[in-house]
2 protein chains.
Amino acid sequence: MNYSVVVVDDHFLLSQAIGGLVQDFKKFKVLYLCKNGSELLDKFDDKKNIPDLVLMDIKMPILNGIETTEILRKDFPNVKVLALSIEEDEYTILKMLRAGARGYLLKDTKKNILEEALIQVMEKGHYYTNTVSQILVDSLENEIDTELKEKEIEFIKLACTDMSYKEISEAMCCSYKTVEGYRDSVHKKLKVKNRIGLVLFAIHHNLFTP
Amino acid sequence: MNYSVVVVDDHFLLSQAIGGLVQDFKKFKVLYLCKNGSELLDKFDDKKNIPDLVLMDIKMPILNGIETTEILRKDFPNVKVLALSIEEDEYTILKMLRAGARGYLLKDTKKNILEEALIQVMEKGHYYTNTVSQILVDSLENEIDTELKEKEIEFIKLACTDMSYKEISEAMCCSYKTVEGYRDSVHKKLKVKNRIGLVLFAIHHNLFTP
DNA sequence: TGAAAAAACAGGGAAAACACTGAAAGAATA
DNA sequence: TATTCTTTCAGTGTTTTCCCTGTTTTTTCA
């Protein structure tokens, strides 16, 4: 019996192409393709459309991979999710795994590795490459006191523009001194030494997309 | 007779998958896949390996799509290049077209559009979507006095780190005041008002990849 | 080789960013 | 209600960035 697979990716070409690869694998068949999480969930209204495994991109419009995976884990725990993303960003990988993904395939995956990963996810329940395992280990060490508050995240996003802190304080409807407080606290938490460092951090960790 | 195609992309999965799609098209056959421009040029040493068309990604390690396309135009003018990139960035598209690409496919291309594009490139010599045409038009207006000197580009790259200008002056082996001069001149040329603005500009225009 | 242009550098002042300590107001908890 | 914790904000001083106006040195080229 074949396992059914759905590919969710906003890049049409990529999802079609990956669908084509998966279709070639003996143990798998592709049910359909989706452009984002929302479209996937709509499909699930009909039970026939619920697959064994979802190959999920992360950056997608409307409903992204992380949010979608969280919903799936809650509402459809039998559906296994394998993340498949073009860029390897530690925080994103972590978030995706926390959300419930059974593994994470990086961009330079080869066809036979994809097949191997699909098989392992279905039969062992998970698939982790060395890279991903290493990231998991590394994360346990650096994952202290980097919990950002709502306001701090809002501040960081504004700090990633060419606004001055005075302008930011007006945009956030608070005192200039409060903004300085946010700055000092995120500088400490994220261990950056100036605003440029903060911008680079935000980009690398997907708090801000330039 | 079939046109021969080579796919150049560092994302293994993507190049394999696209190769699979192209293989399905009647008029085309895939010669081989490459991971970057350097690998492609190595292959060209043997005349048998020179295809009619190259489907080229832009961001690649070692030798990127723009550089590779420039070399191809000079040394192998009969090989047509069609750019195929995941992210649509105006400046990148422009650079690629200037380098000699016959067209530019955006991420949400569908299978039949890909085929259409391949056919048009081979038979008409080019393929431009509306999006790309619009970008070409827009670019003619903003393209005044943004000629950057070597030193200024070097400065910009360093300004995209968390170094202070004093540290940058040491790295560039020149006076602090000279660095201030570079800063003032690029601020004027690029119409940015502070260092954050400069970093964002650099990222958007691929002077710096975070 | 001499004039013009470009690149490197300098001074100084205003503005912004950084770094610290600490106080007041509000929310949470027991 | 008292206590703790968090959030917001203030004071103060230092460093860095920004933005002028210039001078000296090097390059260019007619």
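Proteins come first, then strands; the chains are lettered A, B, ... in the order of their sequence lines, and each starts at number 1. In this text, all values refer to a predicted model and were calculated from it rather than measured experimentally. Just the heavy atoms: all of them, side chains too, but no hydrogens, waters or symmetry mates, feed the values below.
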### Message
At 10 degrees resolution, what angle do the end axes of the helix from C:dT1-D:dA30 to C:dA30-D:dT1 form when each is taken over five base pairs?
### Response
40°
### Query
Does NZ or CZ of B:Lys43 fall inside the cone over B:Tyr32's six-membered ring, less than 6.0 Å from its centre and within 45° of the axis?
yes
### Query
Under a 4.5 Å cut-off applied to non-hydrogen side-chain atoms, are A:Leu40 and A:Leu72 in contact?
yes
### Query
Rounded to whole angstroms, how far apart are NZ on B:Lys151 and C1' on C:dA8?
10 Å
#### Entry: Whole-Å gap separating C1' (C:dA15) and CZ (B:Arg183)
12 Å
### Message
Test of understanding: with side chain to side chain donor-acceptor pair (under 3.5 Å), list the residues that count as partners of A:Lys157, not counting sequence neighbours.
### Response
none
### Query
When you check the gap from the basic side-chain N to the acidic O, do A:Glu70 and A:Arg73 get nearer than 4.0 Å?
no
#### Entry: Stepwise salt bridge (charged side-chain N to carboxylate O under 4.0 Å, His left out) test for A:Lys149 and A:Glu154
CA-CA 9 Å; A:Lys149 315 277 180 188; A:Glu154 186 188 347; over 6 Å; no
### Query
With distance as the sole test, does A:Arg195 use its side chain to make a donor-acceptor pair with the main-chain N or O of A:Ala159 at under 3.5 Å?
yes
### Message
Can a donor-acceptor pair be found, under 3.5 Å and without considering hydrogens, that links the side chain of B:Asp52 to the backbone of B:Ser4?
### Response
yes
### Task
Give the rounded distance in Å between these two atoms: CZ of A:Phe155 and C1' of C:dA17.
10 Å
### B:Gln120: side chain to side chain donor-acceptor pair (under 3.5 Å) partners, not counting sequence neighbours
B:Glu116
### Query
B:Tyr128 ring centre to B:Arg102 NZ or CZ under 6.0 Å, with the angle to the axis within 45°?
no
### Query
Is the backbone N or O of B:Lys111 less than 3.5 Å from a side-chain atom of A:Gln16, with the two atoms forming a donor-acceptor pair by type?
yes
Can you pull every protein N or O that's under 3.5 Å from an N or O on nucleotides 23-29 of chain C?
none

### Query
From the list C:dA8, C:dA19, C:dA7, which nucleotide is the closest neighbour of the side chain of B:Lys149?
C:dA7
### Task
Shoot me the first and last contacting nucleotide of DNA chain D against chain B, ordered 5' to 3', at under 4.0 angstrom to non-hydrogen atoms.
D:dT17 to D:dC19
### Query
In whole Å, what is the span from the CZ atom of B:Arg195 to the C1' atom of C:dC18?
14 Å
### Query
Are there more than 12 heavy atoms of other residues, nucleotides or ligands under 6.0 Å from atom CD of A:Glu123?
yes
### Message
Nearest whole Å is fine: how far is C:dC18 P from B:Asn194 CG?
### Response
11 Å
### Query
Would you say the ring centroid of B:Phe44 lies under 6.0 angstrom from that of B:Phe76?
yes
### Task
Tell me whether the OP1 or OP2 atom of C:dA7 has a side-chain N or O from B:Tyr182 closer than 4.0 Å.
no
#### Entry: Interface residues of residues 161-177 of chain B with DNA chain C (non-hydrogen, below 4.0 angstrom)
B:Cys174, B:Ser175, B:Lys177
### Query
Under 3.5 Å, side chain of A:Thr178 to main-chain N/O of A:Cys174, donor-acceptor pair present?
no
